[in-house]
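Contents: one structure, followed by commentary.
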Amino acid sequence: MPENKPNLPLDKNASSIQAMFADIAPRYDLLNHLLSMNVDRYWRWRTTHLVPPNPSGMHLDVCTGTGDLALAYHRAGKGALRVVATDFCAPMVKRGHEKAAGKLPFLVADTMRLPFPTNMFQTVTVAFGLRNVSNTLAGLREMARVCRPGGTVAVLEFTTPQMWPLRPFYLWYFRTILPLIGRWVSGSSDFAYSYLPASVATFPEREALAAIFNEAGLTSTTWRSLTFGIATLYWGRKPTDQSLEQQP
Ligand SMILES: C[S@@+](CC[C@H](N)C(=O)[O-])C[C@H]1O[C@@H](n2cnc3c(N)ncnc32)[C@H](O)[C@@H]1O
């Protein structure tokens, strides 16, 4: 088994995930920026350049949390893009709604059962969220379902850098230092920041996630490593000759 793929038991039960994010919601943004040394802002900005806003249709950001990627698309769209943000954790959605100050709608919704008709959005994105959805393929299929034929589905996610000497340093930071800082700043959630390294370690990366894109019916899937492979942006296109409605 590869060094970064331990067989860890992970509780991705919806109510556990909701409770975990509800617990850290008040300090989520602070923790995010602190633990990533603010690089997370760059990753979201870069996402809006690699998968640019397309004002010919609406944009959906799922597992939006406090809405940073949705807001990045709103800024990138310069007022011409209609962005909708969804997440199933109400306290995260509440903070996103407050931050957005009416610029875009936030809805409480499960990514496994999005409350939208098929083929509604031009672009559907998720940042650091698909990893937490209990069934990766089902989540991606649901994102693809609500995407228009010819539209794009994009996933920004952590990956483990391959390059020496960054890789051993990263693994040490991610497994040892990050949970300590997470526990200290959040004041509570051991689970959230021990869960984070464990969930990254067991989530499919690069070719493996691209294969799941294909299984979800998306085509022309590609990915780009960001910051030496600490994060990766994947994106694929929904084919124009099918709506994915018929898929099991
Ligand atoms: C690590 S946060 C990412 C938030 C945000 N996208 C960002 O970039 O900071 C993961 C989010 O996914 C949400 N989430 C996990 N599973 C979900 C599901 N099945 N449906 C909707 N939201 C989900 C959690 O509530 C949490 O807000």
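In each ligand, atom 1 is the first atom listed, and ligand 1 is the first ligand listed.
Between T111 and ligand 1, at least one pair of N/O atoms sits closer than 3.5 Å. Close N/O approach between A127 and ligand 1 is found [any backbone or side-chain N/O within under 3.5 Å]. Note: no N/O pair closer than 3.5 Å links M92 and ligand 1 by distance alone. In terms of N/O distances under 3.5 Å, ligand 1 is not approached by I17.
Between W43 and F128, the two ring planes are tilted [angle within 30° to 60°]. Relative orientation of the F169 and W172 rings is tilted, given thresholds of 30° and 60° on the angle between their planes. The aromatic rings of F174 and Y170 sit parallel, their planes meeting at an angle under 30°, below the 60° perpendicular limit.
The protein non-hydrogen atom at the shortest distance from atom 22 (N) of ligand 1 is F88 N, 3.2 Å. Atom 9 (O) of ligand 1 has Y28 OH, 2.7 Å as its closest protein atom, hydrogens excluded (heavy atom only). Nearest to atom 12 (O) of ligand 1 among the protein's heavy atoms is C63 CB, 3.3 Å. Taking atom 11 (C) of ligand 1 as the reference point, the nearest protein heavy-atom neighbour is D87 OD2, 3.5 Å.
A salt bridge does not link R95 with D29: none of the charged nitrogens is closer than 4.0 Å to a carboxylate oxygen.
Residue T64 touches ligand 1 through its backbone alone, judged by heavy-atom distances below 4.0 Å.
Counting non-hydrogen atoms of other residues, nucleotides and ligands closer than 6.0 Å to NZ of K94 gives a total of 12 or fewer.
Residue-ligand proximity, C89 to ligand 1, at heavy-atom distances under 4.0 Å covers atoms 25 (O). The contact set between ligand 1 and F128, taken as ligand atoms under 4.0 Å from a residue heavy atom, comprises 1 (C), 2 (S), 3 (C), 8 (O), 10 (C). Close contacts of ligand 1 with N32, meaning ligand atoms under 4.0 Å from a residue heavy atom, involve 9 (O). Distances below 4.0 Å separate heavy atoms of G65 from the following atoms of ligand 1: 4 (C), 27 (O).
When only modelled atom types and interatomic distance are considered, K238 and N119 share a side-chain donor-acceptor pair under 3.5 Å.
The closest approach between D110 and ligand 1 falls below 4.0 Å for a heavy atom of the residue. Residue contacts with ligand 1 include A109, since one of its heavy atoms falls under 4.0 Å from the ligand.
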Donor-acceptor pairs under 3.5 angstrom involving side-chain atoms of residues 230-237: please list them, not counting sequence neighbours.
from: T232; atom 1: OG1; to: T159; atom 2: OG1; distance (Å): 2.7
from: Y234; atom 1: OH; to: R206; atom 2: N; distance (Å): 2.8

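Side-chain contact between Y173 and L178 is present, with at least one heavy-atom pair separated by less than 4.5 Å.
Between the choices K12, Q18, R44, the shortest heavy-atom distance to atom 8 (O) of ligand 1 belongs to R44.
Partner of L69 under the side chain to side chain contact (heavy atoms under 4.5 Å, CB included) criterion, out of V126, T47, T64: T47 alone.
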